[in-house]
Amino acid sequence: MAPRWHLLAEEKFINDIPGTLPTNDQRSRFAAFGNLDDVKKEWDIYPKLSEIGNSVFQEAGCTGLRFLITADHKDNTGTKRKSDTFNDGGIYETTKLVNDATTVKLTANERKVTNPLALKLLDSGNYGRTSFHHVAVPLEVKYNYGNSAFKFPFPSKRKAASTAQSHTDDADVGDSSLVEGGDVSVEDEAAISGGASSEHATQNEGAAFHTTYVPQYMHDTLLGSAGISQLGEYMFKTFKYQHRIFSFAIYVCLNMCRLLRFDHSGAFVSEPFQWTSRDSALHTFLWKIASMQDSDRLAGLGYDPTASLVDETERATFAALASAPTLPQEVRTYVEEATVNNAPVYKVQVTTSSPTDDERLPDEPASPSSKDGPRTEPDTPGHQTFEFLIGDPLFAAEALVGRCTKGYVAYRLDLPANTPDKDRLCFLKDCWRPYVSGRTRPEHLVYQRLQSHSVNHIASLICGGDVGGAHAQRTTVHEFLFDTRPVPRIHYRLVTEEIGIPVTKFRDFRELARIFADALEGHSQAWTRAHVLHRDISLGNILINAATREGFLNDWDLSRFESELGNGPVEPDRSGTWQYRSALLLQYPRKPHRLYDDMESFVHAFRQLVVRFRATNKTDAIVEYVQFCYEQANRRGDVLIGGTAKLGEFQHPTSPIELKDDPRGFFSDALDALAFKCYSFYEWVDPARMQATYGVDKNGHVEENRASERPDTTIDDERAAWRSEFAATVVFTRRTTTAGDPCELNGFLCSHAELLTVFKSIEAIKYPDSIFKGRDYFLH
């Protein structure tokens, strides 16, 4: 599996950036250095880079940008975390907002112990504090070649004869296939999934940016991997706190440099070059950057033109909501966190538009065909644009590639002036949705269908659409990752009325059971009324309404209509959140998704909260249990297999979770009843036929069709006793034949009503010492 990098020749990299080249006369006034004999440590490189950068900006007449060194000073904007990092420097705008965020003020005593080079840069205005909210182009510098993420041709303090000669002598850069357009990319998550996506709880989603395969031009060492992780963290924070379509970066090792361009499908990386001479690609890059200063928010640097910084009046309006008495405390806290430490506030736009024919709902008629066939380009007439104020994200999926979902508390600007604040605040989801013709669709179309069928306990749609209009902002790097090409991604926003609280904030297990019952009711109505299956039930998608404390189900972007679920074997995918996927989907990756898979996900989600917030037989080894039961995965070829521990639990008629703090036993009885009902369902799964039909072999290939009959369907005395005890609530469907599809099952998990009864029985427990919420054992 390869990471998502694509190597470009330095000339190609530079030519793809808009703008003219400097003349020879202009270049003659750029700062340059011959040898770097005076460089003894990384700090010695910083002033030289700063001098070069600012000399180019000065020659270009660019007063709106500066080359700032920010080593040793952490970002203090919009964050309270002590673990926040700093990078070595970057290109910053010179606005008051940015200057205030990056200014470093030293006392007389602090100046006495500060690096003299830092003081010199500080006094010249070229040294400051890291701000991932504002850095336009991040910079990373390495003095030690062994610590570098990338390989360079003999990085040194001496100027080589020529850059071309350096390339010729460098055996580590890679062969010409990489230079000429060879690709290195990581396997994308399934085309219609994109990995887990959570609304109100941070979850890792999308593919890892750097995985097991290492290109020839990157260091395949522990220190090299650490360098890649460090760079990835800086770029993740840049995308997290800013509104970017893409971002450039500069990577320096001694006298060598590489330029990079990141988007949410991967990164371009240039061939290495020397940066010390006036004709270097770094000088040319900086010149072209300087020419963008007069453009709209430096759009050429990847800024999203639909997001603009607000003035102090509008920012104060939004920040004041942190103390608004009419809002729930949780919402006030969200606003406070979104504006902490003078974090910038943006006005963002959401534009609605009609879907293309290949993204319509399956039962909707296509637009009238023209002589060229169905419409596959965006339809612009009839669109509507909404505006919202947002601060820092409430959460951001910790990934550079994939959906990269961010969630915000938002303030509506389209309502009448006398609208109460509680009716203006809403939730805005920002993500990069996958686009596969005929297989993906914008999430708001599903919400429209659910609302047209009066489905309750779901998020209420305000608006949704691709940012800037249909398909307007797309990834680019994916087009060059030919080997295992990932899907293209489109920038997308969705706005809903409800602001959700993470389900982990429940007050006791009586309330939790009601919240799950509410979400299950919404799931039931979506299935029975609108014929939509959610397919991503997880703790991140079951939320508590901050205003009513009712449960609701959101995040329907992986949902499918009943008619789309398919019959027979399907291509393996990773839709849904791995921890909560059903045991059958994990064990048999070619099995189509069914209602009972979603139902089982509710069970896993509820059980995990029991283990987390009550003392149980799993508490002493809780980390190992969660990893073994919920996160276990094995690779067979290119296919991930899991669910062995989940299957094992369902093969026993009693609950695998034993409460140590339930003296009355009522909650324990309910967990046992739930376990037996799940056991009764799994009792009639035929593993041999399931494996033969939907499994893969050790190499990830389709199993030979060797389905075998179930040898024995006799009920022994022990099982008969259990069945007799629960006969009033459990319906057994005995599978006595091998005919038909082995994934078409009946029983407990095929009924919303039966699982709803379990949650209602827990909600009815009246003894506080049975249903209390204990401490969080994940944190202890």
Side-chain angles (χ1 to χ4, degrees), residues 5-17 19-22 24 26-28 30-36 39 42 45-46 48-53 55-57 67 88-91 137-145 147-182 184 215-219 224 227 231 248-262 267-290 480:
W5 302 94
H6 180 73
L7 186 66
L8 290 178
E10 62 181 89
E11 183 178 1
K12 168 67 173 172
F13 193 105
I14 291 296
N15 288 343
D16 285 346
I17 301 173
T20 60
L21 299 176
N24 290 334
Q26 290 168 327
R27 282 189 186 275
S28 68
F30 295 167
F33 300 91
N35 299 322
L36 302 181
V39 171
E42 191 171 294
I45 302 175
Y46 299 152
K48 299 180 184 299
L49 287 168
S50 175
E51 184 177 347
I52 284 178
S55 73
V56 174
F57 292 156
F67 201 103
D88 294 324
I91 299 172
V137 180
L139 164 72
E140 182 61 14
V141 178
K142 296 295 181 185
Y143 174 77
N144 188 332
Y145 177 59
N147 293 335
S148 172
F150 300 98
K151 295 179 179 179
F152 291 91
F154 306 112
S156 69
K157 303 175 185 179
R158 293 279 176 175
K159 182 178 180 182
S162 69
T163 304
Q165 180 65 41
S166 298
H167 290 174
T168 303
D169 293 340
D170 179 29
D172 288 331
V173 174
D175 59 32
S176 60
S177 66
L178 290 175
V179 177
E180 295 298 326
V184 282
Q216 296 182 44
Y217 49 84
M218 301 176 75
H219 268 143
L231 176 62
F248 291 109
I250 303 169
Y251 203 94
V252 168
C253 182
L254 285 175
N255 66 330
M256 301 301 294
C257 179
R258 290 183 188 266
L259 301 174
L260 302 105
R261 182 190 182 278
F262 291 82
F268 294 125
V269 54
S270 77
E271 288 181 297
F273 58 87
Q274 293 188 54
W275 56 269
T276 52
S277 60
R278 292 183 176 87
D279 61 349
S280 80
L282 178 61
H283 289 74
T284 305
F285 172 76
L286 295 171
W287 177 269
K288 287 196 168 188
I289 296 302
F480 297 84

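None of these values were measured; they are calculated from a predicted model. Throughout, numbering of the chain's residues begins at 1 and tracks the sequence.
Between V39 and K48 the shortest side-chain heavy-atom distance falls below 4.5 Å. Put simply, the side chain of I52 reaches to within 4.5 Å of the side chain of H283, judged on heavy atoms. Counting only heavy atoms from C-beta outward, the side chains of L260 and F268 never approach each other to under 4.5 Å. In this structure, the side chains of Q216 and L7 stay at 4.5 Å or more apart for every pair of heavy atoms. You'll find the side chain of I91 stays beyond 4.5 Å of the side chain of F248, heavy atoms only. Contact check for F67 versus E51: no side-chain heavy atoms found under the 4.5 Å cut-off. Residues F57 and L286 are in side-chain contact: their nearest non-hydrogen atoms beyond the backbone lie under 4.5 Å apart. Put simply, the side chain of L21 reaches to within 4.5 Å of the side chain of K288, judged on heavy atoms.
Each of I14, D16, N15 was evaluated against K12; a single residue qualifies, D16, per the side-chain contact (heavy atoms from CB on, under 4.5 Å) test.
Using modelled atom types, one side-chain atom of W275 and one backbone atom of L254 make a donor-acceptor pair closer than 3.5 Å. R278 contributes a side-chain N or O that, together with a main-chain N or O of F30, makes up a donor-acceptor pair within less than 3.5 Å.
From L259, atom CG reaches atom CG of L8 across 10.5 Å, with rounding to the nearest 0.5 Å. One distance of note links OG of S280 with CE of M256; it measures 10.5 Å at 0.5 Å rounding. Here the OG atom belonging to S277 is positioned 12.0 Å from the CZ atom belonging to F33, to the nearest 0.5 angstrom. Here the SG atom belonging to C257 is positioned 3.5 Å from the CZ atom belonging to F273, to the nearest 0.5 angstrom. One distance of note links CD1 of I250 with OG of S270; it measures 10.5 Å at 0.5 Å rounding. Between atom CD of residue E140 and atom CZ of residue R258 there is a gap of 15.0 Å, rounded to the nearest 0.5 Å.
The two residues P153 and P272 come nearest to each other via the heavy atoms CD-CG, 3.4 Å. The two atoms that bring G227 and A149 nearest to each other are C-CB, 3.7 Å, heavy atoms only.
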Go through it in stages, so that I can follow the logic: the residues are R27 and T284, the test is side-chain hydrogen bond (donor to acceptor under 3.5 Å, both in side chains), and I'd like the CA-CA distance, side-chain angles, deciding distance and then a yes or no. CA-CA 9 Å; R27 282 189 186 275; T284 305; 2.7 Å; yes
Just do the side-chain contact (heavy atoms from CB on, under 4.5 Å) check on F13 and R261 with the steps written out, would you? CA-CA 9 Å; F13 193 105; R261 182 190 182 278; 4.0 Å; yes
Step by step, work out the side-chain contact (heavy atoms from CB on, under 4.5 Å) result for V269 and M218. CA-CA 11 Å; V269 54; M218 301 176 75; over 6 Å; no
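Below 30°, between 30° and 60°, or above 60°: for Y251 and F152 the angle between ring planes is below 30°, a parallel geometry.
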